[in-house]
Each structure stands twice: as C-alpha cells, then as structure tokens.
Amino acid sequence: MKEKRISKPTHKADVPDDVANAGAVTAFSDTATKHRGVEELRVKRRRPLKAETDRKKQIALRLDADALAWCRSLGTGW
C-alpha cells in the first residue's frame, strides 16, 4: 500500500531566521511554493468566478422581535 501523501510541517530548526544571514533566508523562501491567489484555488475546485451582479453580499442585521415577526409573516423568502 502506498504511503498517503500529506504535507509535512517544516521543522522550526529548518527555517533560517538569522537576521544577519539574509541570503539564507532568501534562498529558503525561493524554494517555497508560490501562492497565485484565490483564482488558482477556484480553478482547482472547479468553481467558476461569478459575475459581479450575481455575487451575494453578506450582511449582519439586528432586528426587534416584533419587526422580525412581521418580516416572517410575509411568507417564504421574506
């Protein structure tokens, strides 16, 4: 059975953090996987980017109990 491929944490001792040796820090960071942003993740998950008009906006709203009861009385999709 093959060993499961998982990302392994970098040991703290492996990460050069010597301020005086900037070359070692730069060389270490150059070997890291570059992050290309959210668009790359969307492609990997097969989630297309929605048009600006189709995107939903999240809000937080606090209402009095009677105002909430009135809204709910309007029916489905209030």
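This one's a predicted model, so the numbers in the text were calculated from it and none came from an experiment.
- Both Leu61 and Trp70 sit in one connected hydrophobic cluster of ILVMFWY residues. Membership requires side-chain heavy atoms under 4.5 Å apart, directly or through other members.
- For Arg55, the side-chain hydrogen bond (donor to acceptor under 3.5 Å, both in side chains) criterion is met by Glu52, not counting sequence neighbours.
- Sorted by first and then second residue, the salt bridge (Lys or Arg N to Asp or Glu O under 4.0 Å) pairs involving residues 61-78 (not counting sequence neighbours) form an empty list.
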